[in-house]
Amino acid sequence: MPTVLIIAPHFPPATVAGVHRARHMAKHLSTHGWTPIIIRAGDEHYTEVLDPDLARLVPDTVQQIKTSAFPASIARRFGIGDIGLRAYFQIKDAIRLAIEKERPEVIFITGSPFYPLLLSGWIKKRFGLPVVLDFQDPWVSAEGALRPKLSKGALAHQLALTLEPIALRHADFVTSVSDRQNEEMANRYSWLDRSRMAGIPIGGDPADFEALRASPPQNPIVKLEAGRIHLSYVGTFLPKAGPLVSTLFEALAQFRSEAPELANRLVLNFVGTSNQPNGGGTHLVSPLAQAAKVDDLVREVPQRVPFLEALHILANSNGLMLIGSDEPHYTASKIYPALMSGTPFVSMFHQASSAHDILSRAGGGFSHSFETLDQLKALLPILKQNLRLFAEEKVELAPPNPQTYQDYTASSVAGRYASLFDEIIA
């Protein structure tokens, strides 16, 4: 089989979001005819909390080349913490040795961290190998442009504006997580060949949920206590989701007024609502629960929990709450992990949202929609009935149709990359 070198400075047991593109490709590329070899920094050079359970989801058969890095304790004195910078020259040397020994057909560099993307020019000039650059997040972003002048964030933005085109000039192909992100990048550089770009999602692996049901994480932040019925929402609380959540809480209050003993079996968990690792102490959902007088049945954990714990919650809750906003353009990709978990759900999305369309076709839950906020009141009776069915443990639904999320599975995403690599070397 042909070989691809995957340059991913972060890799499990690192827990940052960017590790999953490389993890999925490492696991699934071989089934699509390509042998992956990972080049990444060694565990001891990561500064975040590590998760050995995540590392165990990578097959032992995957070859990993681990590099050293400049010590974080020293680098931070100069304002440098990025593993892509601290391990830049070590990764460069590892690429050279791997090319000489393994003779790969393609080099794939995924970011963030972004600085290793700059190695594309050196690889092209020295070895003449095709290079695919993958942007899991925007390097140049609208948010970065708003950073205060003379701040570290503003400096990083200016560096990105300077360095991104240098990396892109030498790429044979460019991928990111969405067509929209590609469009924004192409608009910055008129010379970018849009036919050599593709939006490919991160994807999810249904096998992760099977593993977590068999062996849940140790010492989770959120404990799903036995004897209660847990409905869980995992992810950032969207700014315009307030009216939808308030409607759900009103339905819960009505249910409890009619059947207090039954309703008190329920716990509604909202986890990672601030999307910050430390949570910032900001509770966005709790005030809404207090206003509806159901705060004793609602638990909010603002901090973002580790990846495997988030999947554990999806896999082991009695039900999931999938809640969009009052806007029709809600991104549908966020619903796919929930569908892959196979856990029954209650969803609320704008009628024009692609998320509602997909959930309705997928089955496996109670999907509800509205066109205007005034129509939310009309959902109260059916939401109350949904809550009753969960509390009575009478939810009997077939699992979601796998065809509705097939394109977003890790294996399918790896297959798209394998096809892309085949075309590049053809």
Side-chain angles (χ1 to χ4, degrees), residues 4 6-12 14-29 32 36 38 54 84 106 108-117 120 131-144 160 164 167-168 171-189 192-206 208 234-236 238 272 275 304 307 310-311 324 327 329-340 353-355 358 404-421:
V4 55
I6 297 177
I7 317 304
H10 273 122
F11 199 74
T15 56
V16 296
V19 306
H20 302 297
R21 172 81 89 196
R23 177 174 74 90
H24 292 157
M25 292 178 70
K27 181 179 178 181
H28 294 285
L29 267 178
H32 298 281
I38 306 297
L54 187 59
V106 175
F108 177 83
I109 310 176
T110 184
S112 59
F114 297 109
Y115 296 105
L117 300 175
S120 58
V131 178
V132 177
L133 299 185
D134 175 49
F135 293 76
Q136 295 183 54
D137 296 296
W139 195 356
V140 175
S141 67
E143 179 188 2
E164 182 181 68
L168 288 171
D172 293 85
F173 207 97
V174 177
T175 65
S176 76
V177 296
S178 71
D179 292 332
R180 179 178 178 180
Q181 187 173 324
N182 285 342
E183 189 71 19
E184 291 173 353
M185 193 183 305
N187 287 339
R188 287 196 293 274
Y189 312 110
L192 261 184
D193 183 352
R194 300 190 186 200
S195 69
R196 309 294 289 174
M197 303 178 76
I200 301 179
I202 296 296
D205 197 336
D208 289 349
V234 181
T236 307
L238 300 171
N275 197 32
R304 185 176 70 235
F307 174 77
L311 294 191
E327 298 174 317
H329 59 263
Y330 180 81
T331 304
S333 61
K334 296 182 184 295
I335 66 175
Y336 289 108
L339 288 176
M340 291 178 199
S353 167
S354 59
I358 293 164
T404 57
Y405 58 77
Q406 181 60 41
D407 290 345
Y408 284 80
T409 64
S411 178
S412 292
V413 168
R416 289 188 63 181
Y417 273 109
S419 297
L420 188 159
F421 298 156

Go through the structure and list residues passing side-chain hydrogen bond (donor to acceptor under 3.5 Å, both in side chains) with [X], not counting sequence neighbours.
X      : result
His28  : Asp205
Ser412 : Gln406, Thr409
Ser120 : none
Asp407 : none

Search all heavy atoms of Leu133 against all heavy atoms of Ala167 and return the closest pair with its distance.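 Closest pair (atom of Leu133, atom of Ala167, distance): CD1-O, 3.4 Å.
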Going from [atom1] on [X] to [atom2] on [Y], what distance comes out if it is rounded to the nearest 0.5 angstrom?
X      : Y      : atom1 : atom2 : result
Leu168 : Met197 : CG    : CE    : 7.5 Å
Ile200 : Met25  : CD1   : CE    : 8.0 Å
Leu192 : Asn182 : CG    : CG    : 9.0 Å
Phe135 : Ile109 : CZ    : CD1   : 9.5 Å

For Ser419, give me all partners under side chain to side chain contact (heavy atoms under 4.5 Å, CB included), at least two apart in sequence or on another chain.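 Listed in chain order: nothing, the list is empty.
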For Asp172, all residues meeting side chain to side chain contact (heavy atoms under 4.5 Å, CB included), sequence neighbours excluded: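 Partners of Asp172 by the side chain to side chain contact (heavy atoms under 4.5 Å, CB included) criterion, ordered by chain and then number, come out as Lys124, Pro130, Val131.
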Is a side-chain donor or acceptor of Glu184 paired with a backbone partner of Pro138 at a separation under 3.5 angstrom?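 Judged by distance alone, no pair lies under 3.5 Å.
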Could you work out, with ring-ring contact (aromatic ring centres under 6.0 Å, His included) as the rule, every residue matching [X], not counting sequence neighbours?
X      : value
Phe108 : Tyr417
His20  : Phe307
Tyr405 : none
His10  : Tyr46

Can you list the residues that meet the salt bridge (charged side-chain N to carboxylate O under 4.0 Å, His left out) rule with Arg416, with sequence neighbours excluded?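 Once residues adjacent in sequence are excluded, Arg416 has no partner under the salt bridge (charged side-chain N to carboxylate O under 4.0 Å, His left out) criterion.
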Sequence-distant partners of Arg188, salt bridge (charged side-chain N to carboxylate O under 4.0 Å, His left out), two or more places apart: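 Expected list: Glu164.
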Parallel, tilted or perpendicular: ring planes of Phe114 versus Trp139, cut at 30 and 60 degrees: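 Taking Trp139 first and then Phe114, their aromatic rings lie parallel (interplane angle under 30°).
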